[in-house]
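So you know, we letter chains A, B, ... as the sequences are listed, proteins then strands, and number each from 1. Everything quoted here is computed from the prediction, not taken from an experiment.
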Number of protein chains: 2
Amino acid sequence: MGREAGEAGRRAGLKDVARLAGVSVKTVSNVVNGYVHVAPATRARVQRAVAELNYRPNPSARSLCGGRSGIIALAVPDLRIPYFAELAGLVVAAAEERSLTVLIDQTGGERERELRVASGLRTHLIDGLIFSPLALGPEDLAARSDDTPMVLLGERVRPGSADHVAVDNVAAAREATAHRIGLGRHRVAAIGARHDAAGETARLRLLGHRQALTEAGLPVHADLVAPVDEYLRADGARAMARLLDSPEPPDAVFCGNDLLALGALRTLYERGVEVPGRVAVAGFDDIDDGRYGTPSLTTVAPDKRRIAGEAVGLLATRLDGAATGPAREIQVGHRLVPRESTLGRAAR
Amino acid sequence: MGREAGEAGRRAGLKDVARLAGVSVKTVSNVVNGYVHVAPATRARVQRAVAELNYRPNPSARSLCGGRSGIIALAVPDLRIPYFAELAGLVVAAAEERSLTVLIDQTGGERERELRVASGLRTHLIDGLIFSPLALGPEDLAARSDDTPMVLLGERVRPGSADHVAVDNVAAAREATAHRIGLGRHRVAAIGARHDAAGETARLRLLGHRQALTEAGLPVHADLVAPVDEYLRADGARAMARLLDSPEPPDAVFCGNDLLALGALRTLYERGVEVPGRVAVAGFDDIDDGRYGTPSLTTVAPDKRRIAGEAVGLLATRLDGAATGPAREIQVGHRLVPRESTLGRAAR
DNA sequence: CTGAAAGCGCTTACAG
DNA sequence: CTGAAAGCGCTTACAG
């Protein structure tokens, strides 16, 4: 008898292990936490007792002692948005490598909820926060009063106010548009202008797009920049329809993200417009859906795995003592992934 | 001065609130936890103190007292799989309505990791578990030794051994295939047979598919059932290619999930096979990607919002006292969503 | 290298 | 309806 959990109905505690091993709880604690100064024989004895009792540390008690909970929060707009889902999956995996557990908060990109997240919604519970804000601006973030370590995903906040990991949105978008210009397109539209506060990333991507036009000596037509409410497929579909209905439709479109681009492809399909024959389409994010699209979607691929890894890594260093110290900024690479939506079937 | 957290650098505790309000900690605890028997005046005084000190209960302490942590775990194979990402988003939202926080575990569908999840990976930390196993069978699940409340998503386990929420996979798949037969297709293939332990859901869906064939008096050709390793786009694409290469290709395909179907659509696109003209395609899950596909994907839509809601609801009742009691089973509805991949462009 | 003691912030019986 | 006390399981100085 006696495998798995304590038969007694009660789970074994540090004290039980100590008794069985014939040492003090302090020593057990030392062994469990991997401290160095424990005699090998003692360590072995303790480990045997731990195994026998199937002892597992109680994270609540540990965290209560001012120790850490081992939990970090990831706050994103919505897991139903593939980019954030993929990112979340990678963050959970990266966290696991460091024995951290991830709890998810969905903000819906709403200012109120993001404010709550930033001001310590999970204080006491989490050791740190990885936050991808949409509605909050640099000022909001810099004014944060909670002192839980935080790593920001996305645009640069006021320099020095928080650790953050980002891609060079301007450069990446510029490459995407330049790619189409290089293929001979001269009326390159953009889908994704936003008028709300959520527009920082959008703004930078559209800026890169315009830079590419300017660098190529092409005019920037205001009517070739389509605004959207959100960055979802439906918005892209609607925006594409409007562009097609304009007097001089574009021969290429840069979309602020892949979801918009997939929506745009859908409209083009419905209207029987050849892609890339008459309109070349590119997105941003490199979500899985784009890879198997028909046609497959040309996009800019940020290194999501590295974004997740760096975010968790930055947080981990904060948890391991360096709680204070200058804010760090990590710029993660990206690469243009040309596929059929700009190259045609030859792309395969 | 004095907004947000305690200036003193230390967050206010129950004791601080009690002192400020001039009551005992017990009373503060009562107010904070919404107990009834507190004099209105006392309650008001306490609430004022709570607000003034910006007091927030420490979940670790609460959980340590044998109380609850307010945290539940959601264990799914991988958030990068859209179905699970959408489900996770809905679970997080449903949990929030009940003031529960969701922590995510990714099992990768690996037996070892699922076993760890089932046997109490998060004991002490979580109040309950919502688990979508892939590799574990009914025996594994029934043999679970950990007593943390658990709600299973997916197939029926050994009746009575655990709460679970599921859709009627057999009936749903049958409808999907019957739909194509009703449209005059007679060589309806299936993609998604699995030979590993992860096959329970797959098995039921293919069973429903065969039932539809049989009910229509159609033969079940073994060569029209394509096996796959996983349920991802790439698997669907490969399987579709094999089916097309067979001597008598199908005129319709039922795929075990939407990801397989999207992969199949990709192969059909690459080979220039008209959909649904020459091959009608249907999937299962109703993930967002299918809705905007080109063509849009006919699928079976389980009521995901309800799955998430019921799962959290079942768990919540276990946390609110009914920790023991007979296992409950909730069957969630589904509906066939015919789209262009079977109906053609007229579907719009 | 190891032990005994205090205390983290809360809740839960137990009295009044 | 409210209070004083014990204790949840751990870690952290402080001694030895």
Could you tell me the separation between the [atom1] atom of [X] and the [atom2] atom of [N], rounded to a whole number of Å?
{"X": "A/Asn33", "N": "D/dG9", "atom1": "CG", "atom2": "P", "result": "17 Å"}
{"X": "B/Arg68", "N": "C/dC10", "atom1": "CZ", "atom2": "P", "result": "17 Å"}
{"X": "B/Leu14", "N": "D/dG7", "atom1": "CG", "atom2": "P", "result": "19 Å"}
{"X": "A/Leu64", "N": "C/dA6", "atom1": "CG", "atom2": "C1'", "result": "13 Å"}
{"X": "B/Arg19", "N": "C/dG9", "atom1": "CZ", "atom2": "C1'", "result": "13 Å"}
{"X": "A/Arg56", "N": "D/dC10", "atom1": "CZ", "atom2": "P", "result": "13 Å"}
{"X": "A/Leu125", "N": "C/dC8", "atom1": "CG", "atom2": "C1'", "result": "16 Å"}
{"X": "A/Lys26", "N": "C/dT2", "atom1": "NZ", "atom2": "P", "result": "10 Å"}

Along DNA chain D (nearest heavy atom to each residue), the more 5'-positioned of B/Val25 and B/Ala61
B/Val25
Residue pair B/His124/B/Cys65 against DNA chain D: nearer the 5' end by closest nucleotide is B/Cys65
Remember a base hit wins even if backbone is also touched, and classify [X] as base, sugar-phosphate or nothing at under 4.0 Å, heavy atoms.
{"X": "B/Ser63", "value": "nothing"}
{"X": "A/Pro57", "value": "sugar-phosphate"}
{"X": "B/Thr42", "value": "sugar-phosphate"}

Looking at B/Arg328 and B/Glu310, is any side-chain nitrogen of the basic one under 4.0 Å from a carboxylate oxygen of the acidic one?
no
Do the side chains of A/Lys304 and A/Glu86 get close enough for a salt bridge, i.e. N-O under 4.0 angstrom?
yes
Residue-phosphate contact under 4.0 Å: [X] side-chain N/O, [N] OP1/OP2:
{"X": "B/Ser24", "N": "D/dA4", "answer": "no"}
{"X": "A/Asn30", "N": "C/dC1", "answer": "no"}
{"X": "A/Ser29", "N": "D/dC10", "answer": "no"}
{"X": "A/Ser60", "N": "D/dG9", "answer": "no"}

Side-chain donor-acceptor pair under 3.5 Å between A/Ser69 and A/Asp127, yes or no?
yes
Partner lookup for D/dA4, please. Criteria are Watson-Crick or G-U wobble with both distances under 3.5 angstrom; report none if nothing qualifies.
none
Out of C/dG3, D/dT11, C/dT11, whichever nucleotide has its closest atom nearest the side chain of B/Arg62:
C/dT11
side-chain contact (heavy atoms from CB on, under 4.5 Å) with B/Val31: which of B/Val23, B/Val46, B/Val17?
B/Val46
How long is the straight-line distance from CD1 of B/Ile71 back to OG of A/Ser60, given to the nearest 0.5 Å?
7.0 Å
